[in-house]
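What follows is a short report on a single structure.
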Amino acid sequence: MQHVFRRGTSAKKPVLLLLHGTGGTEHDLLSLAELVDSEASVLSVRGNVLENGLPRFFKRLAEGVFDEQDLVFRTKELKEFLTQAAIDHQFDPSNIVAIGYSNGANIAASLLFHYADAVKGAILHHPMVPIRNVPMPDLTGIHVWIGAGANDPICTQEESVELKDLLEEAGASVGIHWEHAGHQLTTAEVKVAKSRYEQIFR
Ligand code: MLT
């Protein structure tokens, strides 16, 4: 997959896996990662699917309606990419924390729904429930932080809470933070994510 890898100054820090929103690229979230942890290595990936020329991580049938077959295929593709990237760039594949926004948060959530060992934590900005009625892996020991917008028309309050509940039922530790905003990613939300990241992963 097309990506940027930047080695951090501290090998002990997690590798931040950056996953952009629809229409983004692997360059979008680099400044966000710098803000969250300037010493961590960064692996920023571009989604392999194009929707009217806009990169995404998996196909959708309509706004908020996912092509589940493609979602499962693309999730596996990303998991395999992570395994290979860890070899190529020589980092510990058990030390990855995903940071995703919107469509990127949804593929990160899908990694959690399908694999116990893809990431050790995730910061999900405005995620949805990626898929329903699948057996989930044991997520004990995995930390997830959800940033949600109280007025987000795409990721509703109900769905954000449903996602939290599903991840918790699978054993993950999940925190949810509400911004009085819509679907946009605000600096205020990133600052809260940073402080949670520092408590959990440093
Ligand atoms: C998605 O398709 O993943 C969600 O609707 C979020 C978006 O990308 O608009």
Side-chain angles (χ1 to χ4, degrees), residues 1-3 16-33 43-79 81-82 96-115 118-119 121-134 136 144-167 170 172 174 176-190 193:
M1 299 179 77
Q2 200 163 326
H3 67 281
L16 303 180
L17 169 65
L18 307 181
L19 302 162
H20 61 78
T22 299
T25 72
E26 66 277 24
H27 301 290
D28 278 24
L29 300 181
L30 291 174
S31 55
L32 187 152
L43 177 64
S44 190
V45 187
R46 184 186 296 204
N48 262 349
V49 166
L50 284 179
E51 182 186 88
N52 302 320
L54 304 178
R56 283 176 56 83
F57 286 95
F58 55 88
K59 290 182 195 161
R60 61 180 163 184
L61 306 173
E63 172 77 55
V65 184
F66 302 153
D67 178 334
E68 291 191 352
Q69 205 182 337
D70 190 61
L71 173 73
V72 171
F73 174 78
R74 297 292 171 190
T75 304
K76 182 166 181 277
E77 181 183 53
L78 179 58
K79 173 76 166 80
F81 167 77
L82 294 177
I96 300 174
V97 171
I99 303 181
Y101 167 61
S102 191
N103 183 244
N106 294 340
I107 192 87
S110 184
L111 279 175
L112 292 166
F113 272 54
H114 292 97
Y115 302 102
V119 295
I123 295 175
L124 307 177
H125 294 285
H126 303 255
M128 297 165 70
V129 175
I131 193 164
R132 291 181 173 81
N133 305 316
V134 292
M136 289 178 63
V144 182
W145 182 91
I146 296 172
N151 305 310
D152 190 330
I154 298 170
C155 314
T156 61
Q157 287 203 22
E158 294 74 24
E159 189 156 348
S160 305
V161 172
E162 184 188 353
L163 177 63
K164 177 180 189 284
D165 291 347
L166 288 168
L167 291 167
V174 189
I176 190 160
H177 165 81
W178 295 100
E179 282 289 314
H180 293 288
H183 194 60
Q184 74 271 29
L185 180 51
T186 63
T187 310
E189 184 177 317
V190 174

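What you see below is based on every heavy atom in this structure, not just the backbone, and it leaves out hydrogens, waters and symmetry mates. Atoms within each ligand, like the ligands themselves, are counted from 1 in listed order.
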[X] side chain to [Y] main-chain N or O, any donor-acceptor pair under 3.5 Å?
X: Gln157; Y: Ala150; answer: yes
X: Asn106; Y: Pro130; answer: no
X: Arg56; Y: Phe58; answer: yes

[X] to ligand 1, any heavy atom closer than 4.0 Å:
X: Phe57; value: no
X: Gly21; value: no
X: Arg56; value: yes

Which ligand 1 atoms are under 4.0 Å away from a heavy-atom of [X]?
X: Glu63; answer: 5 (O), 9 (O)
X: Ser102; answer: 6 (C), 7 (C), 8 (O), 9 (O)
X: Met128; answer: 4 (C), 5 (O)

- Name the closest protein heavy atom to atom 8 (O) of ligand 1, giving the residue it belongs to and the distance to 0.1 Å.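 Protein heavy atom with the smallest distance to atom 8 (O) of ligand 1: Thr22 OG1, 2.5 Å.
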- Closest protein heavy atom to atom 9 (O) of ligand 1, given as residue, atom name and distance to 0.1 Å: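 That would be Arg60 NH1, 3.3 Å.
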- Item | N or O contact, Asn103 vs ligand 1, cut-off under 3.5 Å |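 Between Asn103 and ligand 1 (N or O atoms, distance only) the closest approach is under 3.5 Å.
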- Task: Quick one: sort the His20 and Phe57 rings into parallel, tilted or perpendicular, breaks at 30° and 60°.
- Result: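 Tilted, since the angle between the ring planes falls between 30° and 60°.
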- Item | Region of Asn106 that comes within reach of ligand 1 [heavy atoms, distance under 4.0 Å] | side chain
- Neighbour count >12 (heavy atoms, 6.0 Å) for atom NZ, Lys79: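 Count over threshold, so yes.
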- OG1 on Thr25 to CG on Leu18, rounded to 0.5 Å: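 Leu18 atom CG to Thr25 atom OG1 measures 11.0 Å (nearest 0.5 Å).
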- Message: On a heavy-atom basis, which atom in Ser110 and which in Thr75 lie closest, and how many Å separate them?
- Response: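 So the minimum-distance heavy-atom pair works out to OG-OG1, 2.7 Å.
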